[in-house]
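One structure is given here, and the rest of the page talks about it.
The analysis underlying the following values was restricted to heavy atoms, covering all of them including side chains, and did not include hydrogens, waters or symmetry mates. Chain A is the first sequence line, chain B the second, and so forth, proteins listed ahead of strands; every chain is numbered from 1.
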Protein chains: 2
Amino acid sequence: MAIKYAILGLLSWRPASGYELRKYFSESVALYWSGNSNQVYPTLVQLHKDGLVESEVRQQGNYPPSKVYNLTPAGETALREWVVADPPVPQVRNPFLTQLAWADRLNDEELASLLGRYEREVQMKSLMQRELIRRGPEGPARTPREQLLWTMIADHDCRIYEAELRWLERLREELGKRRTA
Amino acid sequence: MAIKYAILGLLSWRPASGYELRKYFSESVALYWSGNSNQVYPTLVQLHKDGLVESEVRQQGNYPPSKVYNLTPAGETALREWVVADPPVPQVRNPFLTQLAWADRLNDEELASLLGRYEREVQMKSLMQRELIRRGPEGPARTPREQLLWTMIADHDCRIYEAELRWLERLREELGKRRTA
DNA sequence: GTTGCCATGTAAGGTGTTACATGATTTA
DNA sequence: TAAATCATGTAACACCTTACATGGCAAC
């Protein structure tokens with residue numbers, strides 16, 4: 001349950017309501033959760049039960065009141081413990097590869113079309129990510145080092161997309177070689 | 001539900017029982033599902049209901065009888081339709097990046113240790129993948145082109161791990177620059 | 001007057017995991 | 001005698017998603 005720590009992290013940056021957290025998640029690329037209410041609100045309740053956050057009600061004129069959450073010292077400790085812990089091994093799970101695994105039933109044109117459509121999607125993602133980086137890092141920049149970390153996090157996805165494109169190019173080459181042979 | 005098509009694909013290669021499919025999944029890297037029974041058996045029942053597979057009972061001496069599944073023509077059609085369909089966009093979801101997002105609370109040594117432990121894990125994965133490729137492609141090789149596809153699928157994960165390692169190296173460099181500055 | 005924002009939440013479902021239940025047989 | 005293999009399946013739980021319920025206020 002990594003979103004729990006994503007929320008603790010955001011609250012360690014600045015106090016926020018469930019609604020504000022949801023908005024942040026929905027706009028964030030680095031913290032890639034959708035920000036749906038069914039995940040955020042129950043998680044906040046759980047964190048409160050565990051004594052990792054505390055909340056106070058913010059009354060705001062015409063708008064409905066909101067519960068603004070804050071990290072407790074225990075919350076800060078829990079976050080720190082998670083951050084130093086052994087990171088999980090990343091797993092590559094690209095459904096496209098499963099599709100490709102059974103693609104020998106396609107003829108050369110159909111296969112080329114499939115690869116073309118996939119390439120366009122990845123290229124789009126790659127360009128969008130580059131644009132996000134151009135606009136500057138999205139997260140907290142309380143220190144120069146933290147700003148660097150968030151910049152590199154954004155850069156990470158970019159590099160993965162580019163590796164994907166290079167692999168595709170290689171696949172095209174190999175298929176071409178086979179065809180002319 | 002991509003595992004559904006992974007199963008259809010395997011059955012298009014050769015008939016198999018639920019048990020054999022599970023064994024294949026648990027050993028396969030390309031078809032990355034764990035192969036747990038709770039996923040395989042109900043999926044087979046569903047495919048049977050949908051008329052995409054048919055089954056016959058194989059009696060085998062001392063061992064318990066097994067249901068051997070086979071693709072129907074409708075199953076072959078469904079598989080083909082899925083294979084030509086627009087591939088989903090790959091999403092990069094590395095929990096380590098979330099951890100790194102809040103890692104500015106660590107001092108330089110703690111951060112270096114975290115990166116080191118992550119690097120070792122990725123390096124291990126990368127080496128294991130290289131070894132798998134050296135042993136030859138795991139999937140069907142009914143045609144030279146199909147063999148090429150499966151080789152490139154194995155190569156894909158390798159390249160992703162290597163991109164990850166290059167990114168890590170870059171992150172280390174940037175952190176070093178900042179430190180000496 | 002319909003759409004959209006503010007703000008809380010619930011319902012239902014898809015997808016995946018580990019662990020268990022059952023029961024015979026083979027291997028160490 | 002303890003374990004692993006063969007073979008089916010269920011239970012419980014983790015995580016994530018879209019869609020809905022409620023209700024006032026703002027903007028076009």
Side-chain angles (χ1 to χ4, degrees), chain A residues 1-8 10 15-29 31-50 53 55-69 82 88-95 98, chain B residues 1-8 10 15-29 31-50 53 55-69 82 88-95 98:
Chain A
M1 218 221 255
I3 197 183
K4 173 177 154 183
Y5 296 100
I7 288 176
L8 282 181
L10 285 172
S17 66
Y19 185 82
E20 287 164 333
L21 291 172
R22 288 179 53 209
K23 220 171 44 175
Y24 191 91
F25 278 119
S26 72
E27 287 162 9
S28 171
V29 182
L31 305 178
Y32 44 74
W33 291 268
S34 71
N36 66 85
S37 34
N38 207 349
Q39 213 169 2
V40 171
Y41 291 118
T43 302
L44 284 170
V45 168
Q46 188 58 50
L47 289 173
H48 193 257
K49 255 191 216 154
D50 297 344
V53 300
S55 72
E56 58 182 86
V57 175
R58 186 213 288 148
Q59 293 290 351
Q60 31 183 2
N62 294 326
Y63 292 107
S66 66
K67 289 181 206 160
V68 177
Y69 289 88
W82 178 69
V89 192
Q91 22 194 353
V92 183
R93 298 200 158 187
N94 190 339
T98 308
Chain B
M1 221 222 250
I3 197 180
K4 173 177 155 182
Y5 296 101
I7 288 176
L8 282 181
L10 285 172
S17 65
Y19 186 83
E20 288 165 332
L21 290 171
R22 287 179 53 210
K23 219 171 45 174
Y24 190 91
F25 279 120
S26 72
E27 286 162 9
S28 170
V29 181
L31 304 179
Y32 44 75
W33 289 270
S34 71
N36 66 85
S37 36
N38 207 349
Q39 214 168 359
V40 170
Y41 292 118
T43 302
L44 284 169
V45 168
Q46 187 58 49
L47 289 173
H48 193 257
K49 256 191 216 154
D50 297 344
V53 300
S55 71
E56 57 182 84
V57 174
R58 185 213 289 148
Q59 293 288 351
Q60 29 182 6
N62 294 327
Y63 292 108
S66 65
K67 291 181 205 160
V68 177
Y69 290 88
W82 178 70
V89 193
Q91 23 192 351
V92 183
R93 298 200 157 188
N94 189 338
T98 308

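Atom CG of A:Leu10 sits about 14.5 Å away from atom OH of A:Tyr69, to the nearest 0.5 Å. Taking OG of A:Ser28 as the reference point, atom NZ of A:Lys23 lies at 14.0 Å (rounded to 0.5 Å). Distance check: B:Tyr24 OH to B:Ile7 CD1 gives 13.0 Å after rounding to the nearest 0.5 Å.
Annotation: side chain of A:Ile3 is not in contact with side chain of B:Thr98 (no heavy-atom distance under 4.5 Å). Inter-residue side-chain proximity for A:Trp33 and A:Gln39 is flagged as met; some heavy-atom pair is nearer than 4.5 Å.
The two residues A:Leu44 and A:Gly18 make their nearest non-hydrogen contact at CD1-CA, 3.6 Å. Shortest non-hydrogen contact noted between A:Asn36 and A:Arg22 is C-NE, 4.2 Å. Of all heavy-atom pairs between A:His48 and A:Val53, the closest is CD2-O, 3.4 Å.
Heavy-atom distances under 4.0 Å link DNA chain C to A:Gly18, A:Tyr19, A:Arg22 of residues 18-27 of chain A, given in residue order.
Around atom CD of B:Glu27, more than 12 heavy atoms belonging to other residues, nucleotides or ligands sit under 6.0 Å away.
Ring geometry for A:Trp82 against A:Tyr5 counts as parallel: the plane angle stays under 30°, on a 0 to 90° scale with 60° as the upper cut.
Rounded to whole Å, the distance from CD on B:Glu56 to P on D:dT8 is 13 Å. A straight line from CD of A:Gln59 to P of C:dC6 spans 17 Å, rounded to a whole angstrom. A straight line from CD of A:Gln46 to C1' of D:dC13 spans 14 Å, rounded to a whole angstrom.
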#### Entry: Bracket notation of DNA chain D in which parentheses pair within the strand, [ ] cross earlier pairs, and | pairs with another strand (Watson-Crick or G-U, under 3.5 Å)
||||||||||||||||||||||||||||
### Query
Which parts of nucleotides 16-26 of chain D does protein reach within less than 4.0 Å, heavy atoms only, written one letter per nucleotide 5' to 3' as B for base, S for sugar-phosphate only and - for none?
SBBB---B-SS
